[in-house]
2 protein chains.
Amino acid sequence: MPQQRSTRDRLLDAFEQLLVDEGSRAATLDAVAAAAGVSKGGLLYHFGSKETLVDGMVERLREQGETDVELMRTADVGPVEYYLQTSVASGSDFDRALIAASRIAQENTHQAADVLAEIRDSWFTVLKEDLDDEALARTIQLIGDGLYYNDFCGISNPTALTHVREVLARLTAPTD
Amino acid sequence: MPQQRSTRDRLLDAFEQLLVDEGSRAATLDAVAAAAGVSKGGLLYHFGSKETLVDGMVERLREQGETDVELMRTADVGPVEYYLQTSVASGSDFDRALIAASRIAQENTHQAADVLAEIRDSWFTVLKEDLDDEALARTIQLIGDGLYYNDFCGISNPTALTHVREVLARLTAPTD
DNA sequence: GTCTATATTCTGATAGAC
DNA sequence: GTCTATCAGAATATAGAC
């Protein structure tokens, strides 16, 4: 059975949640420690500095990203539908990690931006392999980016995915 | 002739540029003042607090947004092409203002998020009127969001727009 | 592993000179 | 309109007790 979430993981969870909900400025060591239910000293035992905390978050994101790409590659519904479905807010751990990373992507030493770019490249590779159509793969990736950006900004469009599916269907079955 | 850029405008420019380049944490009053070439006291004469500075930026963005929507509505190339072209990084003042605003959209009292939502709504309205096709309008807006998100993350895809145009062309002229 | 001081620097903001 | 000096509080980080 899965052991209880470690303090280390709870600290990363709290850091991500603060980034998602209130942004980079609010995600202070104080706030992260409090949200995880430990003292600042307790936090600094696990992550010796704020930079180390960011590193830990980014490293966990990289692992989650690898898992996601494998799930996308082997999804029953196919890579495209899997990609679109997971581009809308689902509240998953991976969603939170992605949004959190993009909140700090332009700060610090760009490690977050690098991992985000890596994951995006993997998604594109899978889409291109599946579709064998670079222009369409690029367009679908942009639509996923758009859905993801809406999530990032807190915009919710329940019908967006339906509309996208309808338009994509026209490409394979023209309404002539 | 246009008079020289006022100190007030230079302060807003510097604030936006810092938000775009280094993010919210780096956009301190100290840094903004230095980048604009004035002292912190000088800054605080024009904007009495950081909140006022944000207000000023958001208000300027609203005006730029209204101008842009009018340009989109009357563009020679049509609203769709105008929208796609201006969704990729062009380095315009409006681009910078949009990216800057989304960097702080989840912070403070959500004024930035509100104006961004307003502008997005206007774009969608114009797209829907022009296309008379809600699903397609929504999809094109998402593609624009995707292009904009790539810019936001510092990703550059010179061929993205070409690919999008190609796929959109297939919708009106099927390759049967 | 976790906590409570404490040190240090940064950040936003005020007061008053020029 | 712009500057310097200054302050209170926040943010990161260290030291050492438990």
Side-chain angles (χ1 to χ4, degrees), chain A residues 2-60 100-101 103-104 106-112, chain B residues 2-60 100-101 103-104 106-112:
Chain A
Q3 62 186 53
Q4 273 228 314
R5 216 150 178 76
S6 66
T7 299
R8 197 191 139 90
D9 271 323
R10 280 189 298 111
L11 284 163
L12 291 177
D13 292 346
F15 183 40
E16 287 179 0
Q17 199 63 51
L18 276 163
L19 284 173
V20 171
D21 292 341
E22 302 174 57
S24 180
R25 289 186 92 87
T28 65
L29 295 186
D30 245 327
V32 171
V38 298
S39 68
K40 214 191 307 192
L43 186 165
L44 287 162
Y45 168 79
H46 292 282
F47 301 99
S49 69
K50 182 138 196 202
E51 206 188 327
T52 312
L53 182 63
V54 171
D55 289 346
M57 190 189 86
V58 168
E59 192 42 51
R60 200 171 71 163
R103 290 251 195 265
I104 56 165
Q106 82 294 346
E107 296 175 8
N108 308 318
T109 41
H110 297 163
Q111 325 125 71
Chain B
Q3 63 185 52
Q4 273 228 315
R5 215 151 178 76
S6 67
T7 300
R8 195 191 140 90
D9 271 324
R10 282 189 299 112
L11 284 164
L12 291 178
D13 292 347
F15 183 39
E16 287 178 359
Q17 199 63 51
L18 276 163
L19 284 173
V20 171
D21 292 341
E22 302 175 55
S24 181
R25 289 185 91 86
T28 64
L29 296 186
D30 246 326
V32 171
V38 298
S39 67
K40 212 193 306 194
L43 187 164
L44 286 162
Y45 167 80
H46 292 280
F47 301 98
S49 69
K50 183 140 197 199
E51 207 189 326
T52 313
L53 183 62
V54 172
D55 289 347
M57 190 189 85
V58 168
E59 192 41 50
R60 201 171 69 164
R103 291 252 194 265
I104 56 165
Q106 83 293 346
E107 295 175 8
N108 307 319
T109 40
H110 298 164
Q111 324 124 74

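Chain identifiers are assigned alphabetically (A, B, ...) following the order of the sequence lines, protein sequences preceding nucleic acid strands; residue numbering begins at 1 within each chain. Just so you know, these numbers use all the heavy atoms, side chains as well, and skip hydrogens, waters and symmetry mates. Just so it is clear, the model here is predicted, and its values are computed rather than measured.
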Which residues pass the side chain to side chain contact (heavy atoms under 4.5 Å, CB included) test with A:D30, sequence neighbours left out?
A:T28, A:K40
Are A:T52 and A:H46 close enough that some pair of their side-chain heavy atoms sits under 4.5 Å apart?
no
Min side-chain heavy-atom separation A:E22-B:E107 under 4.5 Å:
no
Would you check if there is a donor-acceptor pair between the side chains of A:E51 and A:S49 at a distance under 3.5 Å?
no
Outer limits of DNA chain D sitting under 4.0 Å from a non-hydrogen atom of chain B, read 5' to 3', are D:dG1 to D:dT12
In whole Å, what is the span from the NE2 atom of B:H46 to the C1' atom of C:dG12?
18 Å
Closest non-hydrogen atoms of A:L11 and A:A33, given as atom of the first, atom of the second and distance, are CD2-CA, 4.4 Å
Tell me if a side-chain donor or acceptor on B:R103 pairs with a main-chain N or O of B:G23 at a distance below 3.5 Å.
no
Measuring from atom CG of B:D55 to atom NZ of B:K50, what distance do you get when rounded to the nearest 0.5 angstrom?
12.5 Å
Heavy-atom protein contacts under 4.0 Å, nucleotides 4-11 of chain C, coded B base, S sugar-phosphate only, - none
B------S
Check against salt bridge (charged side-chain N to carboxylate O under 4.0 Å, His left out), B:R60 and B:D13
CA-CA 10 Å; B:R60 201 171 69 164; B:D13 292 347; 2.8 Å; yes
